2 protein chains.
Amino acid sequence: MKNMQNRLDEILAKLRERHCRITPQRVAILKIFLGSSDHPSVEQVYAQVKVNFPTTSLATVYKTVHLLKEIGEILEIGCVGGGNRYDGNKPYPHPHLICTGCKSIIDPDVHLLAQLTAELAKTSGYRIVSHQLDFFGICPACQKR
Amino acid sequence: MKNMQNRLDEILAKLRERHCRITPQRVAILKIFLGSSDHPSVEQVYAQVKVNFPTTSLATVYKTVHLLKEIGEILEIGCVGGGNRYDGNKPYPHPHLICTGCKSIIDPDVHLLAQLTAELAKTSGYRIVSHQLDFFGICPACQKR
DNA sequence: ATACATGCAAAACATTTGCATAAGA
DNA sequence: TCTTATGCAAATGTTTTGCATGTAT
């Protein structure tokens, strides 16, 4: 988790550049995002941050999430049945594999995607700037239930 | 629009099989979905159905949308900024190419997708039942502005 | 000192639900 | 007739907003 500290410092520097204030709540929320590999929801981050900062409000979490989205340091993963989920480790578009049973989300390696995107840009004439690719299915564990 | 009538009859037959009742509201909502190529939202359908059936309630539209989703005759397109959008003409997962300039949505042909999905199912062990693939970009017309 | 962030509560949305009444089969 | 659908209003769940107070700079 040494990279996490580096990344944290980078993001804090970026916030300072923007004249945003470095508050304990923001640092705590950031650390939760950087330390989570499971694409947490706002509610989950809220529950987690309250362990160390019990007075934190849900509104502050939402505001911080909005800020981090704005500066491109977390990625919002579309509505997966109810609320949004977020990725603080790979804040750029990438595919997700979502289990509809246990709601887990993993990041599969889809090596054909770049080729597919390039091909589409060429045939359509669009300048493609972003994408969202989500697969929904049943994970091996849930298949046994 | 001859295919539309055929498709409408098919869906009505399917509803009868399920012992669902064929009400004027349901028929009207169905016709709106089948006649729309622009991926309408619930609000848009509601506004449209009220032209001919002014007493129709929003709840009825939502209930009908739920029913049509259930029987697989319309496709829900994920939360693209606010509310859901629906496709009544191709009610199976397929890619979208969305222009962020003019908000138009087209259905590109992405022939590599099936191969990509099959490969992912094999390597991940998931039983993949659905997917969502949206590309965001600038269409040729908007690039000139 | 002075912006800006926090926390609370209320508002804003999209969607769902309960229930009495209306209407299709 | 007998069940299901409608329409209304209230409830739900998520996210946003206004504002007084607190706090980082």
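Side chains included, hydrogens not; waters and symmetry mates left out as well; all remaining heavy atoms used. Reminder, nothing fancy here: chain letters follow the sequence lines and each chain counts from 1. What you are looking at is a predicted structure, and each value in this text was computed from that prediction instead of being measured.
The shortest heavy-atom contact between A:Ile32 and A:Val45 is CD1-O, 3.9 Å. Closest approach of B:Pro91 to B:Leu75, counting heavy atoms only: CA-CB, 3.8 Å. Contact between A:His131 and B:Phe136 at its shortest, heavy atoms only, is CA-CD1, 4.0 Å. Summarising the geometry of A:Ile71 relative to A:Lys14, their closest heavy-atom pair is O-NZ, 2.9 Å, with the distance given to 0.1 Å. Summarising the geometry of A:Val61 relative to A:Tyr46, their closest heavy-atom pair is CG2-CD1, 3.9 Å, with the distance given to 0.1 Å.
We find that CZ of A:Arg18 is positioned 16 Å from C1' of C:dA5, with the value rounded to whole Å. If you take CD of B:Glu76 and C1' of C:dT16, they are 13 Å apart, rounded to a whole angstrom. In this structure, CG of A:Asn84 is placed 17 Å from P of C:dC13, rounded to the nearest angstrom. Between B:Leu67 atom CG and C:dT15 atom P the separation is 17 Å, expressed in whole Å.
Note that NE2 of B:His19 is 11.0 Å distant from CZ of B:Arg21, once rounded to the nearest 0.5 Å.
Counting only distance, with no hydrogens or angles, the side chain of A:Gln115 and the backbone of A:Leu112 share no donor-acceptor pair below 3.5 Å.
Taken over five-pair windows at either terminus, the axes of the helix from C:dA1-D:dT25 to C:dA25-D:dT1 are inclined to one another by 30° (rounded to 10 degrees).
Looking at A:Arg7 and A:Glu73, a side-chain N of the basic residue comes within less than 4.0 Å of a carboxylate O on the acidic one, giving a salt bridge.
Taking for each of B:His19 and B:Lys63 the nucleotide of DNA chain D with the nearest heavy atom, the 5'-most of the two is the partner of B:His19. Ranked by how close their nearest DNA chain C nucleotide is to the 5' end, A:Cys20 and B:Tyr62 are led by A:Cys20. Along DNA chain C, the nucleotide nearest to B:Ala59 and the one nearest to B:Arg21 differ in position, and the one closer to the 5' end is contacted by B:Ala59.
With 3.5 Å as the limit, one finds a donor-acceptor pair spanning the side chains of A:Gln132 and A:Asp134. Side chain to side chain, A:Glu10 and A:Asn6 fail the donor-acceptor criterion of an N or O pair below 3.5 Å.
Residues passing the salt bridge (charged side-chain N to carboxylate O under 4.0 Å, His left out) test with B:Lys50, sequence neighbours excluded: none. Here B:Glu119 pairs with nothing under the salt bridge (charged side-chain N to carboxylate O under 4.0 Å, His left out) rule; sequence neighbours left out.
Taking every heavy atom of residues 38-58 of chain A and every atom of DNA chain C, pairs under 4.0 Å involve A:Thr55, A:Thr56, A:Ser57, by number. Listed in residue order, the members of residues 22-31 of chain B having a heavy atom less than 4.0 Å from DNA chain D are B:Thr23, B:Gln25, B:Arg26.
Along DNA chain D, read 5' to 3', the first and last nucleotides having any atom under 4.0 Å from a heavy atom of chain A are D:dT14 to D:dT25.
Environment of NZ in B:Lys69: crowded, with over 12 heavy atoms of neighbouring residues, nucleotides or ligands closer than 6.0 Å.
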